[in-house]
Amino acid sequence: MFSWKAFVQHLQAMRGYIAFSLILFMAGMVIGGTNVQLEQYIYGQLEGLQQISNTINDSSNPTLLSFIFIFLNNAIKCIIIMYLGAAFALIPIVFLVINGMVLGYLFTHHSAVISTFELIWRGILPHGIIEIPALLIASAYGIRLGMLTFSGVGHLITRKKGIGSVYEAFMVRTVPLMLALTVALLLAAIIESTITPWLLAQKMNSGM
């Protein structure tokens, strides 16, 4: 039976992993904003996103298509980084660093038309205040799942028992979490496809 109290308590118990996810994400931001050797790679990532954005903008209903793409993209990412984190936590760790790098690069290489403050305030914060914590939490659970895999391997070697029940209990906890994250990402996608573009357009128009 679902219990909000148990759900919140489990999130609190995961705070160390959530903090670790935040550290990895911020480390990626520092790397992306300061390491010129990675500039070509990051630019390639952004160029791919720009091509998708151009395709969406050329569609008959760019707002709806943008919402669908953003929501499905983030929801699928959440599922991948959480459950495939079982592969020794590699996927959520790489995800956090790469996305941090892209954001860090944006902060230091954005258009001169808009300041870093305006980029954060208008372009990232409205939806990012929901989206980024959701992805950090999903990554934290993926890393925890990876650590359980390490424990499972250790238990196999030492022939200890009990890790199966721990693994099962953790997987059960991820079900309500995925539902909560899906709702959060749905709201973030609505904001990112409507309010965020409007706020950026207002700034661009005022800067002309």
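What you see is a predicted model; the values in this text were computed from it and never measured.
The structure places CD1 of Ile56 at 9.5 Å from CG of Leu49, a figure rounded to the nearest 0.5 Å. Considering CG of Leu177 and CD1 of Ile137, their distance stands at 7.0 Å, rounded to 0.5 Å. Atom CG of residue Leu96 and atom OG of residue Ser21 lie 5.0 Å apart, to the nearest 0.5 angstrom. Between the OG1 atom in Thr34 and the CE atom in Met101 there is a gap of 9.5 Å [rounded to 0.5 Å]. Of the inter-residue distances, the one linking Arg144 atom CZ with Arg173 atom CZ reads 13.0 Å to the nearest 0.5 angstrom. With rounding to the nearest 0.5 angstrom, the CG atom of Asn73 is 7.5 Å from the CD1 atom of Ile52.
Atom CE of Met26 is surrounded by 12 or fewer heavy atoms from other residues, nucleotides or ligands within 6.0 Å. No more than 12 heavy atoms of other residues, nucleotides or ligands shown are found within 6.0 angstrom of OH on Tyr43. At most 12 heavy atoms of other shown residues, nucleotides or ligands fall within 6.0 angstrom of atom CD1 in Ile129.
In this structure, Thr149 and Tyr167 approach most closely via the heavy-atom pair OG1-OH, 3.8 Å. Pairing each heavy atom of Lys161 with each of His155, the nearest pair is O-CD2, 4.0 Å. Of all non-hydrogen atoms in Ser139 and Pro92, the two that sit nearest each other are O-CB, 3.6 Å. Residues Met147 and Ala89 come closest through the heavy atom pair CE-CB, 4.1 Å. Ala188 and His127 make their closest contact through O-CB, 3.5 Å (heavy atoms, listed as atom of the first residue, atom of the second, distance). When every heavy atom of Ser151 is checked against every heavy atom of Ile163, the shortest pair comes out as CB-CD1, 3.8 Å.
Contact of the Thr196 side chain with the Ile191 side chain is registered, since non-hydrogen atoms from C-beta on lie closer than 4.5 Å. Inter-residue side-chain proximity for Ser53 and Asn57 is flagged as met; some heavy-atom pair is nearer than 4.5 Å. In this structure the side chain of His109 never reaches within 4.5 angstrom of the side chain of Ile42, judged on heavy atoms. Side-chain contact check for Leu106 versus Leu46: some heavy-atom pair is nearer than 4.5 Å. Counting heavy atoms from C-beta outward, Ile190 and Phe71 have side chains that stay 4.5 Å or more apart. The closest side-chain heavy-atom distance from Leu187 to Val183 is not below 4.5 Å. Contact check for Thr182 versus Leu186: no side-chain heavy atoms found under the 4.5 Å cut-off.
A continuous path of hydrophobic side-chain contacts links Ile143 to Val166 [ILVMFWY only; heavy atoms under 4.5 Å]. At a threshold of 4.5 Å between side-chain heavy atoms, the hydrophobic network of Ile, Leu, Val, Met, Phe, Trp and Tyr places Tyr83 and Ile81 in one connected group. Residues Met82 and Phe25 fall within the same hydrophobic cluster, defined by Ile, Leu, Val, Met, Phe, Trp and Tyr side chains chained together at heavy-atom separations under 4.5 Å. Under a hydrophobic-cluster definition in which Ile, Leu, Val, Met, Phe, Trp and Tyr are linked whenever side-chain heavy atoms come within less than 4.5 Å, directly or via other members, Leu11 and Leu179 are assigned to different clusters. Hydrophobic clustering (ILVMFWY, side-chain heavy atoms < 4.5 Å, transitive): Leu136 and Leu84 are in one cluster.
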Legend entry - Criterion side-chain contact (heavy atoms from CB on, under 4.5 Å) on Phe107 and Ile120, from CA distance to verdict: CA-CA 8 Å; Phe107 286 160; Ile120 295 172; 3.5 Å; yes

Legend entry - Audit row: Ile98, Tyr41, side-chain contact (heavy atoms from CB on, under 4.5 Å) steps and yes/no: CA-CA 10 Å; Ile98 289 178; Tyr41 169 76; 3.5 Å; yes

Legend entry - Intermediate values then yes/no, side-chain hydrogen bond (donor to acceptor under 3.5 Å, both in side chains), His10 and Tyr141: CA-CA 11 Å; His10 198 258; Tyr141 273 71; 2.8 Å; yes

Inset, instruction - Run the numbers on Ile124 and Leu103 for side-chain contact (heavy atoms from CB on, under 4.5 Å), then give the verdict. - result: CA-CA 10 Å; Ile124 296 172; Leu103 200 57; 3.5 Å; yes

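Here the side chain of Asn54 pairs a donor or acceptor atom with the backbone of Gln50 at under 3.5 angstrom. Distance alone, capped at 3.5 Å, is enough to place a donor-acceptor pair between the Arg122 side chain and the Leu199 backbone. Between the side chain of Arg15 and the backbone N or O of Gln12, at least one donor-acceptor pair lies under 3.5 Å. Judged by distance alone, with hydrogens and angles left aside, the side-chain atoms of Asn99 form a donor-acceptor pair with the main-chain N or O of Phe95 at under 3.5 Å.
Relative orientation of the Trp4 and Phe7 rings is perpendicular, given thresholds of 30° and 60° on the angle between their planes.
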